[in-house]
Enquirer: 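Shown below is the structure under consideration.
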Amino acid sequence: MRPFTNEPTLELRRSDARESLLAALRELDARLPIEVPVLAGGERVGPADVEVFHSTDPGEPERVVAVATRGGPGVAATAVQSARDAFPAWRARPAAERGGILVAAAERLRERRLELAALQVRECAKPWGEADADVCEAIDFLEYYAREAIRLAEGPSLLQAPGERNAMRYEPRGVVAVIAPWNFPLAIPTGMVAAGLAAGNAVVLKPAEQSPASGLMLVEALREAGVPSGAISLVAGYGDAGEALVRDPAVHTIAFTGSSAVGLGIVRAAAETPDAQPHVKRVVAEMGGKNCVIVDSDADLDEAVPAIVRSAFVYAGQKCSACARVLAHEAVAETLIERLAGAASVLEVGQAESFGTDVPPVIEREARDRVESYAAQAAAEGRVVARREPVPERGWFCAPTVVTDLPPESSVLRDEIFGPVLAVDRVPSIDAACEVLEQSPFALTGGLFSRNPAVVEEVARRAPVGNLYVNRHITGAMVARQPFGGNRRSGVGSKAGGPDYLLQFVEPRVVTENTMRHGLVVE
């Protein structure tokens, strides 16, 4: 295989790129709603057979994007059994063969790239730039883990003593249950599924109930590329399906991305080891964040302001890596607050399909109500310096809000809001800012704007976050360039898109042979 390179995103300033995307959206709209069956091994359970649920357009809630078959605990158990049956044959395939299939799946995504981006615009209200980048990241995961599987199969180099041969190899663990989020409806499930398959495991995917059609597109691409039907199953549904996968004694590894509350529940459930289960489950969980950006007294505010606004408000702040809090040195705090307020006040709030949109709707009514309740609390407890109103009446829109002067005990400063609400605090020093980071139970991403190398070194040493970004925005980690994942209550496991990630889906085995034997039996 050629060396890995990141898939380039489309240049949306080009009219031909925009026209192609809009044409893909029109073609998609003409065939909505998409029927999403349960794909449990070789079985296909369609919407006409059992209970169904709908995914809808957050910007036009009356538009049904997908009609999905609801897979409950029984269907989840069937999918796990299919994975168990398919596992021996899939693990037996050489890593290079498995990798070749993943590369072929990446090519399927390239061929359907415009359609897949259009689907995200409709199903999850991702603006075009975000939707296209999501497809590119999915392609990157397939390509990168295909190569990593081959590297992993070579095994590490061990010390060889005279008269002794030592070898270490990595074997797949078994069945992987992937429980995926809606905010990166193709990229994140692709990363978790591709890692499991690349390492030789069989996988059952449960996409988020808000984005079942995106999950279907992934499974179709993998099966078309050559992954056996039993080795990759799709179980669309709600929490009961996910819980059944987590608790199934035949599941060896659980890969999850979502909220901290759900993730910690999975960790607790997976820790139970009934007598009928001969293994301890492994949990790979990427969870929530309350991400802070520190702005030092010497920071270049011309860099800091657009980067913070991008990190806080693009895709309506619906990223676990999004900036939720700014810790501004008191020497620049007032100027920074004024400039952030001005920048937030001119954000374009609108439908995801409009190329000028900065802030689309949030995913659903419940999310809108939650975000607005935090905005109201922030207004009651502190000082709102910017609130971009009015917002469109149709759809689940929230007004981008910047607030300051909140009391330290405010839940607005502690909770993951997952929406376009940004809090700005004044701090007397970089040391005080670092203390805020050190006291937080979350440790996903963080940012620093400073021109002082000593400050950069100090913050990098003290910040417990998994990904620290210096003098740039704090979202948009790239596969193989910025391996991504959090610490503390923000994550359990190694970095997605990095050289250690596949190790979570395998178990190491060492063989030591005495080579000082006398005689050799040859059959």
Enquirer: Can you list the residues that meet the side chain to side chain contact (heavy atoms under 4.5 Å, CB included) rule with Ser490, with sequence neighbours excluded?
Expert: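 Once residues adjacent in sequence are excluded, the partners of Ser490 under the side chain to side chain contact (heavy atoms under 4.5 Å, CB included) criterion are Phe442, Leu444.
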Enquirer: Mind checking whether Phe418 and Trp182 have parallel, tilted or perpendicular rings, split at 30° and 60°?
Expert: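 Aromatic pair Phe418/Trp182 classed perpendicular.
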Enquirer: Quick one: which residue pairs count as a salt bridge (charged side-chain N to carboxylate O under 4.0 Å, His left out) with a foot in residues 188-197, not counting sequence neighbours?
Expert: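 Every candidate salt bridge (charged side-chain N to carboxylate O under 4.0 Å, His left out) pair involving residues 188-197 fails, so no pair, neighbours aside, qualifies.
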Enquirer: Would you call Asp132 and Arg113 a salt bridge, taking side-chain N to carboxylate O under 4.0 Å as the test?
Expert: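 Salt bridge: yes.
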Enquirer: Could you check Arg247, Lys281, Gln277 and say which one makes a side chain to side chain donor-acceptor pair (under 3.5 Å) with Glu272?
Expert: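 Single side chain to side chain donor-acceptor pair (under 3.5 Å) partner of Glu272 among Arg247, Lys281, Gln277: Arg247.
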Enquirer: Evaluate whether atom CZ of Arg310 has more than 12 neighbouring non-hydrogen atoms of other residues, nucleotides or ligands under 6.0 angstrom away.
Expert: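 12 or below, so no.
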Enquirer: Compare all side-chain heavy atoms of Gln120 with those of Pro185 and state whether any distance is below 4.5 angstrom.
Expert: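 Gln120 vs Pro185: side chains touch.
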Enquirer: Among residues at least two apart in sequence or on other chains, which ones pass salt bridge (Lys or Arg N to Asp or Glu O under 4.0 Å) with Glu137?
Expert: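 Per chain and number, Glu137 pairs via salt bridge (Lys or Arg N to Asp or Glu O under 4.0 Å) with no residue.
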Enquirer: Mind checking what makes side chain to side chain contact (heavy atoms under 4.5 Å, CB included) contact with Ala316, not counting sequence neighbours?
Expert: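 Only Gln318, Val359, Pro360, Val362, Pro420 meet the side chain to side chain contact (heavy atoms under 4.5 Å, CB included) criterion with Ala316.
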Enquirer: Do Val246 and Phe256 come close enough that some side-chain heavy atom pair is under 4.5 Å?
Expert: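 Answer no - side chains too far apart.
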Enquirer: Return the set of residues passing side chain to side chain donor-acceptor pair (under 3.5 Å) with Arg13 (not counting sequence neighbours), or none when no residue passes.
Expert: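 With sequence neighbours excluded, Arg13 shows a side chain to side chain donor-acceptor pair (under 3.5 Å) to Glu11, given in chain and number order.
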Enquirer: Does Arg488, at its CZ atom, have more than 12 non-hydrogen atoms belonging to other residues, nucleotides or ligands within less than 6.0 Å?
Expert: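 Enclosed: over 12 neighbouring heavy atoms sit under 6.0 Å from CZ of Arg488.
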Enquirer: Within a strict 4.5 Å, meaning less than it, do heavy atoms of the Leu114 and Leu10 side chains meet?
Expert: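 Side-chain contact under 4.5 Å: yes.
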Enquirer: I want to check something: taking the side chain as every heavy atom from C-beta on, are Cys323 and Leu422 in contact at a cut-off of under 4.5 Å?
Expert: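 They are in side-chain contact.
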Enquirer: Less than 4.5 Å apart, side chain to side chain, heavy atoms only: is that true for Leu186 and Leu116?
Expert: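 Counting from C-beta outward, Leu186 and Leu116 do come under 4.5 Å.
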Enquirer: Using a distance-only test with no angle check, is there a side-chain donor-acceptor pair under 3.5 angstrom linking Asn291 and Thr445?
Expert: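 Their side chains do contain a donor-acceptor pair, which is all the 3.5 Å distance test asks for.
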Enquirer: Under a 4.5 Å cut-off applied to non-hydrogen side-chain atoms, are Leu245 and Asp248 in contact?
Expert: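 Not in contact.
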Enquirer: Taking only residues at least two apart or on different chains, which pairs with a member in residues 70-83 satisfy salt bridge (charged side-chain N to carboxylate O under 4.0 Å, His left out)?
Expert: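 For residues 70-83, and leaving out neighbouring residues, the salt bridge (charged side-chain N to carboxylate O under 4.0 Å, His left out) pairs sorted by first residue read Glu51-Arg70, Arg70-Asp240.
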Enquirer: With sequence neighbours left out, write down each residue that passes salt bridge (Lys or Arg N to Asp or Glu O under 4.0 Å) with Glu27, or none if nothing qualifies.
Expert: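 Glu27 satisfies salt bridge (Lys or Arg N to Asp or Glu O under 4.0 Å) with no other residue.
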Enquirer: Any chance the side chains of Glu416 and Ser259 put a donor and an acceptor closer than 3.5 Å?
Expert: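 Their side chains do not contain a donor-acceptor pair, so the 3.5 Å distance test is not met.
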Enquirer: To the closest 0.5 Å, what do you measure between CE (Met217) and OG1 (Thr190)?
Expert: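 Reported value, rounded in 0.5 Å steps: 12.5 Å.
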Enquirer: Are more than 12 heavy atoms from other residues, nucleotides or ligands located less than 6.0 Å from atom CZ of Arg394?
Expert: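 No.
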Enquirer: Would you please test Gln504 and Ser494 for side chain to side chain donor-acceptor pair (under 3.5 Å) and show each step?
Expert: CA-CA 7 Å; Gln504 301 168 120; Ser494 191; 5.1 Å; no
Enquirer: Can you find a heavy atom in the side chain of Leu119 that is under 4.5 Å from one in the side chain of Leu28?
Expert: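 Of all side-chain heavy-atom pairs linking Leu28 with Leu119, at least one is under 4.5 Å.
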Enquirer: Please name all residues satisfying side chain to side chain donor-acceptor pair (under 3.5 Å) with Glu389, sequence neighbours left out, ordered by chain then number.
Expert: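 Once residues adjacent in sequence are excluded, the partners of Glu389 under the side chain to side chain donor-acceptor pair (under 3.5 Å) criterion are Arg387.
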Enquirer: Partners of Asp369 by side chain to side chain donor-acceptor pair (under 3.5 Å), sequence neighbours excluded?
Expert: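 Partners of Asp369 by the side chain to side chain donor-acceptor pair (under 3.5 Å) criterion come out as none, since no residue qualifies.
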Enquirer: Are Asp29 and Arg122 within salt-bridge range, i.e. N to O under 4.0 Å?
Expert: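 Salt bridge between Asp29 and Arg122, a charged N being under 4.0 Å from a carboxylate O: yes.
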Enquirer: Can you tell me how far OG of Ser55 sits from CD of Glu123, rounded to the nearest 0.5 angstrom?
Expert: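 It is 4.0 Å, given to the nearest 0.5 Å.
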Enquirer: For Asn183 and Tyr315, does a side-chain donor sit closer than 3.5 Å to a side-chain acceptor?
Expert: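 Tyr315 and Asn183 do not have a side-chain donor-acceptor pair below 3.5 Å.
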Enquirer: State the CD-OG1 distance between Glu286 and Thr257, to the nearest 0.5 angstrom.
Expert: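 If I round to the nearest 0.5 Å, the distance is 5.0 Å.
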Enquirer: Give a yes or no answer on whether the side chain of Ser354 reaches the backbone of Gln351 with a donor-acceptor pair at less than 3.5 Å.
Expert: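 It does not hold such a pair.
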Enquirer: Between Arg147 and Glu143, does at least one N-O distance fall below 4.0 Å, as a salt bridge requires?
Expert: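 Result for this pair is yes, salt bridge flagged.
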Enquirer: Tell me, please, which residues at least two apart from Arg91 pass salt bridge (Lys or Arg N to Asp or Glu O under 4.0 Å).
Expert: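 Arg91: salt bridge (Lys or Arg N to Asp or Glu O under 4.0 Å) contacts with Glu171.
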Enquirer: Classify the ring geometry of Tyr144 against Phe4: parallel below 30°, tilted from 30° to 60°, perpendicular beyond 60°.
Expert: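 Tyr144 vs Phe4 ring planes: perpendicular.
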Enquirer: Phe184 ring centre to Lys126 NZ or CZ under 6.0 Å, with the angle to the axis within 45°?
Expert: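 Relative to the ring axis of Phe184, which defines the angle, Lys126 lies inside both limits.
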Enquirer: Applying side chain to side chain donor-acceptor pair (under 3.5 Å), name anything that partners Ser410, two or more places apart in sequence or on another chain.
Expert: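 Side chain to side chain donor-acceptor pair (under 3.5 Å) list for Ser410, sorted by chain: Glu381.
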Enquirer: Just wondering, do Val371 and Trp396 contact through their side chains at under 4.5 Å, heavy atoms?
Expert: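 They are not in contact (no side-chain heavy atoms under 4.5 Å apart), so the answer is no.
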Enquirer: Just by distance, do the side chain of Asp358 and the backbone of Val349 share a donor-acceptor pair under 3.5 Å?
Expert: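 Checking the backbone N and O of Val349 against the side chain of Asp358, no donor-acceptor pair under 3.5 Å is found.
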Enquirer: Check Val176 against Gly196 and note the closest heavy-atom contact, atom names and distance.
Expert: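 Here Val176 and Gly196 meet closest at CG2-CA, 4.5 Å.
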Enquirer: Is it true that Arg282 and Thr253 share a donor-acceptor pair across their side chains at a distance under 3.5 Å?
Expert: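 Looking only at side-chain atoms, Arg282 and Thr253 do not form any donor-acceptor pair under 3.5 Å.
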Enquirer: Heavy-atom count around Glu111 CD within 6.0 Å, excluding the residue itself: above 12?
Expert: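 Result for CD/Glu111: enclosed.
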Enquirer: Under 6.0 Å from the ring centre and within 45 degrees of the ring axis: does the NZ or CZ of Lys495 meet both conditions for the six-membered ring of Tyr501?
Expert: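 Judged by the rule (NZ or CZ under 6.0 Å from the ring centre, within 45° of its axis), Lys495 is not positioned above Tyr501.
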Enquirer: List in chain and number order the residues that pass salt bridge (Lys or Arg N to Asp or Glu O under 4.0 Å) with Arg112, two or more places apart in sequence or in another chain; answer none if no residue qualifies.
Expert: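 Expected list: Glu115, Glu220.
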